[in-house]
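Here the structure is laid out as structure tokens; the discussion comes afterwards.
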Amino acid sequence: MLDLKFIRENPDKVRAGLSAKNDRRGIDEILRLDERRRELIKEADALKERRNKVSMEVARLKKEGKDASTIIAEMKTVSDRISALDKERRAVEEKIEELLRWIPNLPHSSVPVAPDEAGNVEVRGWGKKPEFNFTPAPHWELGEKLGILDLPGAAKISGAGFITFTGWGAKLERALINFMLDLHTQKHGYREVSPPFLVNRASMFGTGQLPKMEEDMYALKEDGLFLIPTAEVPLTNLFREEILPADRLPIYVTAYTPCFRREAGAAGKDTRGINRVHQFDKVEIVKIVRPESSYDELESLVQNAEAVLQALGLHYRVRLLASGDMSFASAKTYDLEAWAPGVEKYLEVSSCSNFEDFQARRMDLRFRPLPEARPEYPHTLNGSGLALPRTVIAILEQYQTEKGTVKVPEVLVPYLGTKELA
RNA sequence: GGAGAGGUGGCCGAGUUGGCUUAAGGCGGUGGUUUGCUAAACCACUGUACGGUCAAAAGCCGUACCCUGGGUUCGAAUCCCAGCCUCUCCGCCA
């Protein structure tokens, strides 16, 4: 959520940022309603001041046994006017709120301005594309041959877009989760959390999934709950409506959760194999930090995610997203893309974003810069560290051998208990 | 799911026959006086949001906030309705 006062005082800056984010709604109506809102507050507050004073007068007269009916009758009309003003103000504020909910965050000045992914910029690469003296197989073929992936089984129990790992595949999943959590908690300073996978509407609003992405979310209507699309939602909302003491920041938390996405409108897009699915596992890293350090924190958060890929020995590249390709709530996003030679594509395994105070404002999360200082909004960041299925794809396809077996990355061997999937 | 109890400031805790309560009192915290230093004692201050004033900040003025949202009333922490949460007991259950 953008600050109403900021919009009022910097309308042109806001317009420029929104247009870079492909927003078509604009802020004109918000500015008009805000004007009206302030008029209403001014008039109502003046009348309330009068009413409060007269109320004390009524109490005094009654106590002295005198008659107060004249001023009571007079105050009746004042009160009626106040409730009319308050009613209109509530309506105006509700309308402003509703419009504000749909306004995306503004891009940071270092973000390339472009309408879509064609404007993304490659920042760096790591490792080299592995070379094969045979044609590398796609992961679904490897997975089926090795008996670690049962897509027909998944389709039978749930439908298209679901995964069932079996045998070593299932264990690989668990090994990756443990490896990633251990890395982030032991080497990068994150505190491990095991949160609920179902969250309420306020949480989904807080991190910015709602209202814009509602149709992409699985919902349990009867209970007013949503299946989380990412651990970002419970992890960040853990601090919703808090005023954190000065010494509490920075907060680094991580969690493994499954993630549920309807992928509405994505039918037929990259659907072969396990690249785009309705449920997948992910280890997420989240930071809540002081505003002045958030862009340094973003760089180190990206490095924390990259460390996973590097430890796994996977070739990848880092891309800075263009303004029009970023998510609703983000001010700056880096994507990490792992190479998948079997499908000959770079796959997004991590998306690392700084949301600045956009989420904090939506969820009323604040901190005190100094022990006695007034509260401010901290900056929130998160990144995947990493998304599992695509990491599995990269491992299977990058580590495959001519025999159709898959070597296990060194670092996973102790977790998995085998050096090769055969 | 059923029955009951309860939700008041950073914390504890009064106030619920509506009006000198602009939320008592205490604890904690901050500043000060005293002091060689510390402690004690004493004094003062104490939250959040919005609006106004100001170039801006501070300050000042005002309004709102006693779980949330409505309502009754000239006036609501206090009365009414709905919801959320916590605790206790029962039922169900991995």
Side-chain angles (χ1 to χ4, degrees), chain A residues 1-11 13 30-101 194-206 220-226 234 237-249 258 291 357 360-378:
Chain A
M1 195 111 80
L2 297 186
D3 180 19
L4 188 54
K5 203 180 285 175
F6 181 82
I7 297 176
R8 180 157 77 224
E9 287 163 6
N10 306 276
K13 231 184 248 182
I30 290 175
L31 290 173
R32 213 175 52 242
L33 289 166
D34 178 50
E35 194 76 21
R36 179 64 186 149
R37 168 180 157 269
R38 279 147 68 214
E39 283 169 17
L40 290 164
I41 288 173
K42 216 163 138 183
E43 190 183 343
D45 279 6
L47 290 175
K48 281 176 186 169
E49 181 181 6
R50 179 145 164 252
R51 182 176 70 184
N52 287 343
K53 289 193 171 141
V54 173
S55 272
M56 276 192 272
E57 183 68 8
V58 171
R60 195 179 61 78
L61 288 173
K62 290 227 170 175
K63 198 169 182 186
E64 291 172 3
K66 292 181 184 163
D67 176 56
S69 56
T70 319
I71 52 175
I72 285 178
E74 188 195 330
M75 289 322 288
K76 172 84 178 139
T77 63
V78 171
S79 274
D80 287 348
R81 177 68 184 150
I82 289 173
S83 35
L85 289 167
D86 277 350
K87 196 177 166 195
E88 188 185 346
R89 176 168 69 137
R90 274 201 298 274
V92 167
E93 284 180 341
E94 215 167 284
K95 188 69 190 155
I96 291 173
E97 182 78 8
E98 173 59 19
L99 291 168
L100 230 35
R101 284 163 194 264
S194 179
F197 305 154
L198 296 176
V199 298
N200 57 31
R201 181 167 281 274
S203 296
M204 293 291 274
F205 176 77
L220 285 80
K221 290 217 170 75
E222 285 180 358
D223 303 289
L225 294 169
F226 295 83
N237 278 283
L238 208 47
F239 304 94
R240 173 155 49 86
E241 290 160 47
E242 302 268 342
I243 298 178
L244 304 169
D247 57 6
R248 191 74 197 284
L249 297 187
D357 63 6
R361 184 170 270 116
R362 279 169 99 83
M363 65 176 74
D364 197 22
L365 159 61
R366 290 170 293 170
F367 79 104
R368 289 187 198 281
L370 293 166
E372 300 299 319
R374 39 182 36 205
E376 288 177 22
Y377 293 107

Please work out if [X] contacts a base, only the sugar-phosphate, or nothing of the nucleic acid, heavy-atom cut-off 4.0 Å.
X: A:R60; answer: nothing
X: A:R8; answer: sugar-phosphate
X: A:P245; answer: nothing
X: A:R89; answer: nothing
X: A:R50; answer: nothing
X: A:K76; answer: sugar-phosphate

Could you work out the separation of [N] and [M] based on their [atom1] atoms and round it to a whole Å?
N: B:rG7; M: B:rA49; atom1: C1'; result: 22 Å
N: B:rA14; M: B:rU8; atom1: C1'; result: 10 Å
N: B:rU53; M: B:rA58; atom1: P; result: 16 Å
N: B:rG10; M: B:rG47; atom1: P; result: 10 Å
N: B:rU68; M: B:rC12; atom1: C1'; result: 24 Å
N: B:rU21; M: B:rA5; atom1: C1'; result: 27 Å
N: B:rG1; M: B:rG62; atom1: P; result: 49 Å
N: B:rU22; M: B:rC81; atom1: C1'; result: 29 Å

Opposite nucleotide pairing with [N], Watson-Crick or G-U, both atom distances under 3.5 Å:
N: B:rA41; answer: B:rU33
N: B:rU86; answer: B:rA5
N: B:rG19; answer: B:rC74
N: B:rA57; answer: none
N: B:rC27; answer: B:rG10
N: B:rC65; answer: B:rG47

By nearest-nucleotide position on RNA chain B, the 5'-leaning member of A:R366 and A:E49 is A:R366
Residue pair A:D34/A:A44 against RNA chain B: nearer the 5' end by closest nucleotide is A:D34
Which residues satisfy the side chain to side chain donor-acceptor pair (under 3.5 Å) test with [X], sequence neighbours excluded?
X: A:S79; value: none
X: A:E376; value: none
X: A:E93; value: A:R37
X: A:E57; value: A:R60

Across all chains, not counting sequence neighbours, the side chain to side chain contact (heavy atoms under 4.5 Å, CB included) partners of A:A46 are none
Next item on the list: Answer yes or no on whether A:R248 is positioned over the face of A:F367, meaning its NZ or CZ is under 6.0 Å from the six-membered ring centre and within 45° of the axis.
Entry: no
Ring-face cation contact, A:F226 with A:R201, 6.0 Å cut, 45° max
no
Bounded by its outermost nucleotides with an atom under 4.0 Å from a heavy atom of chain A, the footprint on RNA chain B reads B:rG19 to B:rG75
Review point. Is it true that A:R90 and A:D86 make a salt bridge, defined as a side-chain N closer than 4.0 Å to a carboxylate O?
Key: no
